[in-house]
Every structure is written in C-alpha cells, then in structure tokens.
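Following: one structure in structure tokens, then a few remarks.
Quick caveat: nothing in here was measured; it's all calculated off a predicted structure.
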Amino acid sequence: MLYMDYAATSPMYDEVIGVMTEVMKSHFGNPSSLHKLGLEAEQLVGRSRETIANALRCDPNEIRFTSGGTESNNLAIRGAAYRYRSRGNHLITSSIEHASVYETFRKLEEEGFQVTYLPVDATGQIKLTDLEQALTNETILVSVMHVNNEMGRIQPIEAIGTLLRSRPKTLFHVDAVQAIGKLPVDPKRHGIDLMSCAAHKLRGPKGIGFLYCGRGVELQPLLFGGGQEEGLRSGTENVPAVVGMAKAVRMAVQEQPAFAAHTARLRARLTEGIRQIPELVLNGSKRPEDMAPHIVHFSFPGMNSEVLVHALEQHSIYVSTRSACSSGAEKPSRVLSAMGADPAVAVSGIRLSYSLQQTEDDADRFCRVLKQLVEELKPAMTGKNERR
C-alpha cells in the first residue's frame with residue numbers, strides 16, 4: 001500500500017497509540033472530579049497543555065482544547081465576531097479557505113456581518129495590497145490560512161501579522177491545520193492572535209484539536225455547560241486524546257526540520273515525474289519555496305478526478321480529490337476556480353500528500369503507475385470529448 005493522503009488524515013505515531021492506551025487503562029477519571037482519580041486526570045491535561053505550549057513557544061494558558069480543526073475555526077471566528085461586534089461589523093478572509101472557515105463566514109454574512117473575500121493570484125496567494133485596501137475602521141477580524149489544504153500554497157502569514165500589529169482592534173486568525181509540524185510555526189513572532197490545530201493531521205488522534213488564543217483575546221463561547229477550558233469550551237475533556245495530541249505535537253514539531261527536508265525532495269521528484277506526462281497540469285506556484293513541501297496538486301483535464309482516484313486505488317495507491325460532489329457529478333474545485341483555472345482543470349484536480357514515511361522509490365513508483373494509467377484512460381477521455 002502506498003498511502004499519499006496525509007493531508008486528509010495521518011496514521012498515528014506508535015508512541016501516541018501507546019500513551020493513549022496507558023491513559024485509557026489507568027487514568028479514566030473525570031478531570032473535574034474532586035477525588036484522586038479526577039486530580040490525576042486533571043494533572044495529565046495540564047501537563048499536555050504545557051507540552052503543546054512549549055512546542056509553540058507560548059503560554060499554557062493560551063491553549064484551549066477542542067474537538068478538532070472545524071471547532072477551533074468556528075470558535076475563533078464566531079467567538080471573535082460576536083464578542084467584538086461593538087467595535088465593528090467587518091470581517092476579512094480569503095476566497096480559498098477550508099470549508100470550516102469559508103462556510104462560517106458565509107453564515108456570518110447571513111447574520112448581518114460584512115465579509116470581504118480576498119482574491120488570489122494564479123498560484124493561489126493573496127496580495128498584501130488587497131488586504132491593505134480591504135481594511136477599514138470597522139474591521140474586527142482577519143482570517144487567512146497558513147497552508148491551503150487543497151493546493152499546498154503558503155500564505156504570507158508573517159507579513160500579514162506585521163501589517164496588523166498597528167491595528168490593535170483587528171484580530172488575526174490563522175488556520176494552521178496543514179502547517180504545524182510541516183513549517184516553522186510561531187504565533188507570537190508572527191503576530192497571530194488565534195490559531196487552529198487538528199491533531200490527526202500530524203499523526204495524532206482524530207476528534208481532538210486546540211485553539212491558540214493569545215493573551216488578552218476574549219471570545220464568546222459557542223458551547224455552554226460546566227465551564228471547562230476557562231469557560232471557553234464546556235464539556236468533559238477527552239483525556240486520552242488530549243495526552244495523545246500533546247505527544248504528537250511535540251514529536252511533529254521536533255521532526256519538522258527533517259520532515260521539511262525529506263518531503264521537499266519527494267516533492268521535487270513527484271513534480272518532475274508529473275511534468276513528464278504532457279496530459280497533466282501542475283497547479284500552484286512553480287517556485288518550491290511558495291509551496292508546502294508535503295503537498296503536490298495536479299489536474300488531468302478532460303478526466304473526472306474520481307476516475308483517476310479509483311484507478312490508482314486498484315494499484316493500492318491512495319490519493320484524494322475534492323473536485324466532485326457526493327452524487328458523483330462533476331463539480332469544479334472552489335480553490336482552483338478562485339485561482340482562475342479553466343473549468344476542465346478545476347474539475348480534474350488530484351492532491352498528493354505524504355510524510356517522512358514515504359521514500360523516493362515510492363515517488364518513482366507513483367509516477368510510473370500514473371503514466372501507465374494516463375495512457376490507459378486517454379481513449380475514454382477522447383471518446384467522452386467527442387460525444388460532447
């Protein structure tokens with residue numbers, strides 16, 4: 001099996017499985033309970049918070065546990081919008097955000113907020129000049145992802161943070177789900193007020209994440225109840241998952257330099273192989289430094305991407321696409337469309353994502369199989385075009 005869908009989810013570290021198993025066996029108490037078992041669980045949660053804070057060079061009190069990236073994004077965006085609406089009614093995001101960000105802003109528009117969706121260039125990057133022009137005295141939040149989950153395009157997070165430092169009434173939120181453990185991430189140095197993470201993208205468990213909430217930032221809670229997480233996120237903490245996430249974050253951040261160097265070599269190998277197949281189109285910037293090293297995105301114009309996904313699966317190679325809706329009908333990628341891609345390119349995108357576990361031989365194997373499948377699928381593509 002060649003698994004190349006790490007941007008969707010990743011296999012857990014063995015060490016994470018081990019520590020979670022131990023916690024589930026021996027530390028099952030509720031962290032809010034007053035007895036010894038509760039205290040032990042509470043201490044595990046506290047140490048996990050410290051571990052994550054150390055990895056991100058922030059204060060433990062700035063880490064709030066959630067159920068994952070979607071909840072972290074919703075809590076940051078909706079929580080900030082509701083809490084600071086008295087300051088202004090204007091929000092800014094990009095046109096290529098993850099659905100958990102994009103759809104949240106669409107919902108806030110329905111509730112009366114004014115939202116500016118920044119365009120991107122043909123490589124998938126926003127322009128700082130567009131952001132500067134969009135800012136007004138009513139702007140209370142800017143939300144821009146660090147790494148696009150579909151394309152792998154890196155956004156100028158540090159430059160945005162610098163720009164917003166002179167605007168203390170405007171908060172800066174970053175969806176860092178595809179960045180932590182892949183790129184250097186330092187919320188304080190980058191001027192980030194709110195930052196989202198999901199553990200399962202960096203070899204931790206599913207169903208757990210955290211929100212970095214900088215000192216002095218207040219949010220309106222979305223969930224009400226027992227007042228856990230300093231009142232920001234009620235609900236009994238998932239202690240085994242919290243401990244597992246802390247372990248995964250620590251390991252991923254420690255491995256990050258090696259991860260970046262290794263996956264950059266894989267990316268170079270994969271992109272070179274894809275360029276040798278004339279029917280395919282590489283998406284994103286041609287400059288490697290503009291792209292996250294662990295994601296490659298290409299299109300097979302004229303071919304529904306789901307067909308190629310399932311053809312690769314027959315060779316035990318697993319990749320992903322977000323180009324088709326659940327009914328199977330062709331639907332262009334919102335991200336590629338925002339980049340100005342031709343509809344035939346936007347409907348046929350394939351995302352490869354990988355980690356330290358894959359080798360250059362794996363990359364070569366993928367390219368060989370891909371070339372073979374393109375040759376096999378071309379007749380069907382030609383016939384389809386002729387029928388049109």
Identify whether the distance between the nearest side-chain nitrogen and carboxylate oxygen of K378 and E375 falls below 4.0 Å. yes
Side chains of S94 and Q155: is there a donor and an acceptor less than 3.5 Å apart? no
Passes salt bridge (charged side-chain N to carboxylate O under 4.0 Å, His left out), E62 versus K188? Steps please. CA-CA 11 Å; E62 295 173 315; K188 290 195 178 297; 2.8 Å; yes
Going only through I, L, V, M, F, W and Y residues with side-chain contacts under 4.5 Å, is there a path from V144 to L171? no
Donor + acceptor pair across side chains of H90, T116 (<3.5 Å): yes
Is it the case that one hydrophobic cluster holds both V174 and L183, taking links as side-chain heavy atoms less than 4.5 Å apart, direct or via other members? no
Closest heavy-atom pair and its distance - H146, P184: CE1-O, 4.0 Å
Carboxylate-amine/guanidinium proximity below 4.0 Å for R250 and E15: no
Any donor-acceptor pair under 3.5 Å linking the side-chain atoms of T263 with those of H294? no
Do you know the tightest heavy-atom contact between L118 and A134? CD2-CB, 4.1 Å
Apply the side chain to side chain donor-acceptor pair (under 3.5 Å) test between R153 and each candidate in N148, N283, T123; give the one that qualifies. T123
So, does S299 use its side chain to make a donor-acceptor pair with the main chain of V345 at under 3.5 Å? yes
Are L370 and F300 packed together at the side-chain level, in the sense that at least one heavy-atom pair is separated by less than 4.5 angstrom? no
Taking all non-hydrogen atoms of both residues into account, name the closest pair between Q358 and H262 and its distance. O-NE2, 2.6 Å
Taking the side chain as every heavy atom from C-beta outward, state whether D130 and P119 have any atom pair closer than 4.5 Å. yes
Same hydrophobic cluster for L232 and M195, using side-chain heavy-atom links shorter than 4.5 Å among ILVMFWY? no
If we ignore angles and hydrogens, is there a donor and acceptor under 3.5 Å between the side chains of Y84 and Q220? no
Is the shortest heavy-atom distance from the side chain of M12 to the side chain of P205 under 4.5 Å? yes
If you take all heavy atoms of V296 and I274, which pair is closest and at what distance? CG1-CD1, 3.8 Å
One thing to verify: whether E132 and K127 come together as a salt bridge, which I'm taking to mean a side-chain N less than 4.0 angstrom from a carboxylate O. no
Decide side-chain contact (heavy atoms from CB on, under 4.5 Å) for D290 and Q125; before the verdict, give the C-alpha distance in whole Å, the side-chain angles of both, and the deciding distance to 0.1 Å. CA-CA 9 Å; D290 293 340; Q125 187 183 48; 5.8 Å; no
Paired with T321, the side chain to side chain contact (heavy atoms under 4.5 Å, CB included) test is passed by just one of V309, L308, V347, namely V309
Evaluation steps, salt bridge (charged side-chain N to carboxylate O under 4.0 Å, His left out), between R49 and E237: CA-CA 12 Å; R49 207 183 306 273; E237 293 92 344; 5.1 Å; no
Kindly determine whether R351 and S320 satisfy side chain to side chain donor-acceptor pair (under 3.5 Å), including the steps that lead there. CA-CA 5 Å; R351 181 186 66 185; S320 67; 3.1 Å; yes
Answer yes or no: is there a donor N or O on one side and an acceptor on the other, between the side chain of R334 and the main chain of S95, under 3.5 Å? yes
Does the Lys NZ or Arg CZ of R64 fall within the cation-pi geometry relative to Y212 - under 6.0 Å from the ring centre and within 45° of the axis? no
Could you go step by step and tell me if F105 and I77 meet the side-chain contact (heavy atoms from CB on, under 4.5 Å) rule? CA-CA 8 Å; F105 279 105; I77 296 165; 3.7 Å; yes
Decide, yes or no, whether a salt bridge links D362 with R365 under the criterion of side-chain N to carboxylate O below 4.0 Å. no
When you check the gap from the basic side-chain N to the acidic O, do R233 and E71 get nearer than 4.0 Å? yes
By the ring pair (Phe, Tyr, Trp, His ring centres under 6.0 Å) test, which pairs, at least two apart or in different chains, include something from residues 5-41? Y3-Y6
Are L266 and L352 connected, step by step, through hydrophobic side chains (Ile, Leu, Val, Met, Phe, Trp, Tyr) whose heavy atoms are closer than 4.5 Å? yes
Could you tell me which non-hydrogen atom of A258 sits nearest to which non-hydrogen atom of L356, and how far apart they are? O-CD2, 3.8 Å
In the structure I gave you, are the side-chain heavy atoms of H173 and T93 within less than 4.5 Å of one another anywhere? no
Does any part of the side chain of T21, heavy atoms only, come nearer than 4.5 Å to the side chain of P240, both counted from C-beta? no
Shared hydrophobic cluster for Y117 and M151 (ILVMFWY, side-chain gaps under 4.5 Å): no
SB check E138 K169 (cutoff 4.0 Å): no
I need the minimum non-hydrogen distance between A248 and G204, along with the two atoms involved. CB-CA, 3.6 Å
In terms of side-chain heavy atoms, does S196 have a donor or acceptor partner in S72 at a distance below 3.5 Å? no
Is there a side-chain contact between K107 and R78 in this structure, where contact means two heavy atoms from C-beta onward sitting under 4.5 Å apart? yes
Pairwise side-chain contact, L312 with H315, heavy-atom cut-off 4.5 Å (strictly under): no
Salt-bridge test for K25 and E22: reply yes if a basic N is under 4.0 Å from a carboxylate O, no otherwise. no
Does NZ or CZ of R85 lie under 6.0 Å from the centre of the six-membered ring of F113, at an angle within 45° of the ring axis? yes
